[in-house]
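Shown next, in structure tokens, is the structure this report addresses.
Every chain is numbered from 1 and lettered A, B, ... according to where its sequence line falls, protein lines coming before strand lines.
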Number of protein chains: 2
Amino acid sequence: MSPRSTVAEARRTRARIIDRSVALASVDGLEGLTIGRLAGDLGLSKAGVLGHFGTKEALQLATLERASALFTALVWDPASAVEPGLRRLRAVCQNWIDYLDHAREVFPGGCLFTTASVEFDAHDGPVRRNVARLLMVWRRRLAGEVRLAVEAGELPADTDPEQVVHELTGIYLALNQALQLLRDPLAATRTRRALDRLLPVLAR
Amino acid sequence: MSPRSTVAEARRTRARIIDRSVALASVDGLEGLTIGRLAGDLGLSKAGVLGHFGTKEALQLATLERASALFTALVWDPASAVEPGLRRLRAVCQNWIDYLDHAREVFPGGCLFTTASVEFDAHDGPVRRNVARLLMVWRRRLAGEVRLAVEAGELPADTDPEQVVHELTGIYLALNQALQLLRDPLAATRTRRALDRLLPVLAR
DNA sequence: CCTACCGATCGGTAGG
DNA sequence: CCTACCGATCGGTAGG
């Protein structure tokens, strides 16, 4: 039988709160998130929710951390088994499309990082810094994949990895907008076409 | 003092409110906007502000309308004198860069439409519909410019105007993020490089 | 365009 | 993790 553990139960409650918070923040943003709404959704008191974090800002940071773990699990991890080079880069790109297109259960309002980056880009503070840091981490990692593809001779030697990463960013921001705001049924197709134009042009 | 203002004075006050509202919404979003903050900034009472619009939603719509007029004046109007075709398309694209890069006075927190599109993409209602409508209007107009360039033989005959417009959207979303969140000094350069890759490739 | 006010909700605290 | 509560602020209204 499972012995009653207050600590373990508290951890599970905390995880429940954060999962719900990720979903709510995906829809309403990290600022639009409220303790009261979260408490209501989970059948907890506001103090019961806030007690796990102390402040709303700490909750926002925990939410961001959880979303980042989900992103890594959906986009990076499945690609780590693929051989380095253009194939792995394209695997990451495809996972990224799927993350935006099919991860509706976890992120019902679309990419949380896109929402947060727009919400906080004009407000200094720990949340803004963490959003920017996460985006930079992924940009660097993506640039590394591009570099490996260049070194493997699968992309032209004069490729500028950071330029490619910048353009990839735009492709995914456009996809998120086409999916969430415009509800464009061609969104994924257009994205794949844009990727084909950006990436494998010289790989044939 | 002047409870009985003339109609002209009331109009000027309304314009002052909206201009301030555009600036605030650029930083805090159309939801982050509050009547109280607006009233405080302008030395008015909350009722004095709200009286011009009736509801916060009406204020949001008026703010969106004003921002759209500013966008048209900065991006479309200056290009209307340029001859149709690739030259005019590129003029619009350059004005768009300038709008995002230098219109800090009017939009201190970056592109209001980008902020609003992310804020409202998961919330139905008149604001969401208007944001989507404006983006669609500009997409159609941009596609028209692309089409003119194709007809002038300056872009390949098999160009898909809507695909080009979709990719242009991504380029500008990436620029806004690089400017506002990442404060990347290379943002404008990277944008121009992306445009060169997208547009004039077959125009030589 | 003002004062005065409304109920609701915000983030957060005290104490158990 | 709860109840009970805090001051502040929210959008909005009544009446002048």
Side-chain angles (χ1 to χ4, degrees), chain A residues 2-21 24-25 27-64 116 119-120 123-128, chain B residues 1-22 24-25 27-64 116 119-120 123-128:
Chain A
S2 44
R4 192 200 152 100
S5 165
T6 309
V7 173
E9 275 169 9
R11 258 224 256 100
R12 278 195 46 231
T13 302
R14 194 189 138 101
R16 269 180 70 225
I17 295 171
I18 294 180
D19 282 343
R20 184 77 197 129
S21 181
L24 284 181
V27 170
D28 298 319
L30 282 171
E31 271 301 314
L33 196 63
T34 74
I35 320 283
R37 169 77 195 280
L38 211 40
D41 282 11
L42 296 168
L44 296 172
S45 65
K46 289 199 318 177
V49 168
L50 203 53
H52 284 277
F53 308 95
T55 64
K56 179 177 178 179
E57 188 175 77
L59 168 64
Q60 291 173 323
L61 292 171
T63 304
L64 219 40
E119 245 184 318
F120 285 88
H123 296 280
D124 275 315
V127 177
R128 186 209 138 93
Chain B
M1 295 297 184
S2 52
R4 292 293 147 82
S5 56
T6 66
V7 172
E9 275 168 1
R11 259 224 256 98
R12 278 195 46 229
T13 302
R14 194 188 137 100
R16 270 180 71 225
I17 295 171
I18 294 180
D19 281 343
R20 185 77 198 130
S21 181
V22 167
L24 284 181
V27 170
D28 297 319
L30 282 171
E31 271 302 314
L33 197 64
T34 74
I35 320 283
R37 170 76 194 280
L38 210 41
D41 283 11
L42 295 167
L44 297 171
S45 66
K46 289 200 318 179
V49 168
L50 203 54
H52 284 277
F53 308 95
T55 65
K56 179 177 177 179
E57 189 175 76
L59 167 63
Q60 290 172 324
L61 292 171
T63 303
L64 218 40
E119 245 184 320
F120 286 88
H123 296 281
D124 275 316
V127 177
R128 187 210 137 94

Can you check whether V27(B)'s main-chain N or O pairs, donor with acceptor, with H123(A)'s side chain at less than 3.5 Å? yes

Short question: side chain of R20(A), backbone of L42(A) - any donor-acceptor pair under 3.5 Å? no

Closer than 3.5 angstrom, by distance alone: can the side chain of E57(A) be matched with the main-chain N or O of V127(A) as a donor-acceptor pair? no

Separation between CD (E119(A)) and CZ (R128(A)), nearest 0.5 Å, reads 13.0 Å

At a cut-off of 3.5 Å, list every protein nitrogen or oxygen paired with a nitrogen or oxygen from nucleotides 9-13 of chain C, distance to 0.1 Å.
| from | atom 1 | to | atom 2 | distance (Å) |
| --- | --- | --- | --- | --- |
| dC10(C) | OP1 | T34(A) | OG1 | 3.0 |
| dG11(C) | OP1 | L33(A) | O | 3.4 |
| dG11(C) | OP1 | K56(A) | NZ | 3.1 |
| dG11(C) | OP2 | I35(A) | N | 3.1 |
| dG11(C) | N7 | K46(A) | NZ | 2.9 |
| dG11(C) | O6 | K46(A) | NZ | 3.3 |
| dG12(C) | OP2 | K56(A) | N | 2.5 |

Could you measure the distance from the CG atom of L50(A) to the NZ atom of K56(A)? Nearest 0.5 Å is fine. 10.5 Å

Nearest 0.5 Å please: distance from the OG1 atom of T6(A) over to the CZ atom of R11(A). 12.5 Å

Taking the side chain of H52(A) as its heavy atoms from C-beta onward, which of dC1(D), dC1(C), dC2(D) lies nearest to it? dC1(D)

Base, sugar-phosphate, or nothing for G32(B), non-hydrogen atoms under 4.0 angstrom? nothing

note: L42(B), atom CG; dC2(C), atom P; distance rounded to Å ~ 10 Å

Which residues pass the side chain to side chain contact (heavy atoms under 4.5 Å, CB included) test with L59(B), not counting sequence neighbours? I17(B), S21(B), L33(B), I35(B), L38(B), F53(B), T63(B)

Nucleotide pairing, DNA chain D (Watson-Crick or G-U, distances under 3.5 Å), in dot-bracket with [ ] and |: ||||||||||||||||

Length of the CZ-P vector between R12(A) and dC1(D), whole Å: 10 Å

Between atom CD of E31(B) and atom CD of E31(A), what is the distance when rounded to the nearest 0.5 Å? 12.5 Å

